[in-house]
Amino acid sequence: EVAYSQSTGQKEQLSRCLQRGIRRVQDLCKVLQLPVAFEETAVCYLQRALQLPAFHLASLEKKELLGGCCVLVACRQRRWPLTMGTVCSLLYAQHEAFAGVFLSLQRELGISVPALSLADLVATHLSSFRLVQPSASVPAAFLEDKEKLLARTVAIVELASETWLVTGRHPVPVVTAAAFLAWQSLRPGPRLSCPLARFCRLAGVELPPPAHLRLRELLDILLAMASQLSWLRGFRLDKKSVVKHVGELLQHRLFLLKHAFSQQEQQGTAPGQDSGSHSPAVAQQQGCPSAGQGQRGGTLRPLLPPCLIHPRKRLRAVAPSAPATATTGDEPISDSEIEQYLRSPEEIQAFRKAKAW
Amino acid sequence: FKDDFSTSPHLFTPMSPYDLELPIQASSHLSQSKELHTDFSSVDLSFLPDVTQDNKEQNLSEDGHETQKELDGSLASKEDSGVFMEESSLSHPGAAQPSPEAPGVCPPLTPITPATSASESSGIVPQLQNIVSTVNLACKLDLKNIALHARNAEYNPKRFAAVIMRIREPRTTALIFSSGKMVCTGAKSEEQSRLAARKYARVVQKLGFPAKFLDFKIQNMVGSCDVRFPIRLEGLVLTHQQFSSYEPELFPGLVYRMVKPRIVLLIFVSGKVVLTGAKDRSEIYEAFENIYPILRGFKKPS
């Protein structure tokens, strides 16, 4: 008599490492409730990866993460919005270690991994919000219809994307901030006084630290847009009151994006190009009243990524080694220059006494 | 110098309000740059078929690589990720830091054929930020002894098996191993790297070791520049996906692995570009000239 587990030759053909990896992939797919096809794709990538020396000879720690990376790749390729943060928490993995394995996987297998789709991410992120279902801990005024919240959040995320708030930034905080704004704006009355932190607690989601910054940036954009809506100009809106008008601003966003920001994007022209467009560019950059101004007056800010509007670093002085003192590499080296780096006998004695060499 | 820049508007675009840098000065009115070195003694160019050294010099000088561009010091616009780029190391996981190869093993260089003609050149010249070189001092070294006798040395064998030594001019750092091999980082030009390496070798000599200076080789060069317009990284990764990797969850920049020349570029939303992986500065210039038209395609029309 032969035990069933011993009779199936299939398992014997797979290395233990691969078996463990496949099990990990299966567990992840089950927890994430992914379609069956995803598991097959992930296992396929796993098998290919483990055949390469880069992974075959990698540490066990890295192999643990490989299964998660394959699942992530499979999800990305099928536009299933799974974040790295989620996979890391499921694997109890260090973010940096996971990142390293993911990038190696991409490079070694030569696969192109599509970007995470924000619109899809919004849908899955919001479905985990507790504010869309009635519950004892949620005040009635805070409860919101899921479809309405979803539609408005997606619109705000798109606005953020168009106004350079998304490129180069972590996607989840943008979605969190957008969801918060959307939720507040759908019923400002009772909700304006609720801060972001409390919103996240009630919703049962984590508050990522950058979300506060994203929220502030979004409000700045909305305020700039509001300044160009004639019926809002009289209100002198601030960061709180503008939330009440988010719906209208989104409705007219195409028009407002064109007119609420100065058209400053052309000054990337190369220095060598001598073109006639030099004078309008000068006018804009000098903040000339005729250009760069909205319909209602007041200088408009340019539509640029925040890192360009508020550059954080100081200017570093240009290195003095310009044409005058070009190094050849063969300069004579004086003894005195070298000797400044050597310890004197007294120093050495003192050092010896201090350190237990 | 500031006055000079402002009185020659035909050479550059006027300053933009968000940009506090001095504009880039084309080199046409500067004297022929001495930094345009023709010392390729450490680089084996014997395989090059078409491009002669004269051609190369001409192309390079037209690009005006001897500039006085003032860096705003912001090599990356890192918003939320904790990745910080220092002058001598890039801590992006596994992507942009090629490790210095063992001296003596010279990987084949790709032929240097400029992709764009000089008349289409961007007029922007990447500035070198860091040079990594290696040299063989060809004698066994007692690291404890060196650490004891040198003021500018750091040695913590439990942490790292080399002495870390620094000199002020050129401002560089060296890793000195007991085998006699040495790595020199932080220089801003090939010549400075070589000068610095020689100084370290002299220090070691003065400490009583019969140090030589063999097989000096530039292992990596890092350059950076600014295209002066914001870039839609999401678009770039779509159209150039076989070369690009853009993972905002990991790193704010897009990693572009150019095949010819074999250079890795980090492209940021601010328009700043970092180029690394070069063994010769012409590779950096060529890589930038290749990427510039691609980036211009992603400049949002006003």
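We name chains A, B, ... by the order of the sequence lines, and we start the count at 1 in each one. Given the structure is predicted, the values throughout are model-derived calculations rather than measurements.
- Contact annotation for Leu207(B): only side-chain heavy atoms (C-beta onward) come within less than 4.5 Å of a heavy atom of chain A.
- Side-chain contact between Lys206(B) and Tyr341(A): absent, with no pair of heavy atoms (C-beta onward) separated by less than 4.5 Å.
- Arg168(B) touches chain A through backbone and side chain together, each having a heavy atom under 4.5 Å away.
- Note: Glu249(B) CD to Leu72(A) CG = 7.0 Å, rounded to the nearest 0.5 Å.
- Heavy atoms from other residues, nucleotides or ligands lying under 6.0 Å from CD of Gln349(A) number 12 at most.
- Proximity to chain B is limited to the side chain of Leu116(A), based on heavy atoms less than 4.5 angstrom apart.
- Side chains of Arg151(B) and Gln340(A): a donor-acceptor N/O pair is absent below 3.5 angstrom, by distance only.
- Scanning all heavy atoms of the two residues, the minimum distance from Tyr246(B) to Val166(A) falls at OH-O, 4.2 Å.
- Between atom CZ of residue Phe268(B) and atom CG of residue Leu308(A) there is a gap of 12.5 Å, rounded to the nearest 0.5 Å.
- With respect to Glu337(A) and Arg198(B), no salt bridge is recorded, no charged nitrogen being found less than 4.0 Å from a carboxylate O.
- One finds the CG atom of Leu250(B) at 8.5 Å from the CZ atom of Phe98(A) (value rounded to the nearest 0.5 Å).
- Side chain to side chain, Glu234(B) and Thr167(A) meet the donor-acceptor criterion of an N or O pair below 3.5 Å.
- Between Arg202(B) and Asp335(A), the closest side-chain pair of non-hydrogen atoms falls below 4.5 Å.
- Heavy-atom contacts from other residues, nucleotides or ligands closer than 6.0 Å to CD of Glu61(A) number 12 or fewer.
- The shortest distance between side-chain heavy atoms of Leu342(A) and His149(B) does not fall below 4.5 Å.
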Full working for side-chain contact (heavy atoms from CB on, under 4.5 Å) between Arg194(B) and Asp330(A):
CA-CA 8 Å; Arg194(B) 191 152 154 273; Asp330(A) 293 312; 2.7 Å; yes
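- Of the inter-residue distances, the one linking His170(A) atom NE2 with Glu247(B) atom CD reads 10.5 Å to the nearest 0.5 angstrom.
- Judged purely by atom type and a 3.5 angstrom limit, Arg343(A) uses its side chain to pair as donor or acceptor with the backbone of Leu148(B).
- Contact of the Ile333(A) side chain with the Leu195(B) side chain is registered, since non-hydrogen atoms from C-beta on lie closer than 4.5 Å.
- When every heavy atom of Ser112(A) is checked against every heavy atom of Gln241(B), the shortest pair comes out as OG-OE1, 3.2 Å.
- Dense packing is recorded around CD of Glu347(A), with more than 12 heavy atoms of other residues, nucleotides or ligands lying under 6.0 Å away.
- Side-chain contact between Arg169(A) and Pro252(B) is absent, with no heavy atoms from C-beta onward closer than 4.5 Å.
- Side-chain contact check for Ser245(B) versus Gln106(A): some heavy-atom pair is nearer than 4.5 Å.
- No side-chain N or O of Glu191(B) forms a donor-acceptor pair with one of Thr327(A) less than 3.5 Å apart.
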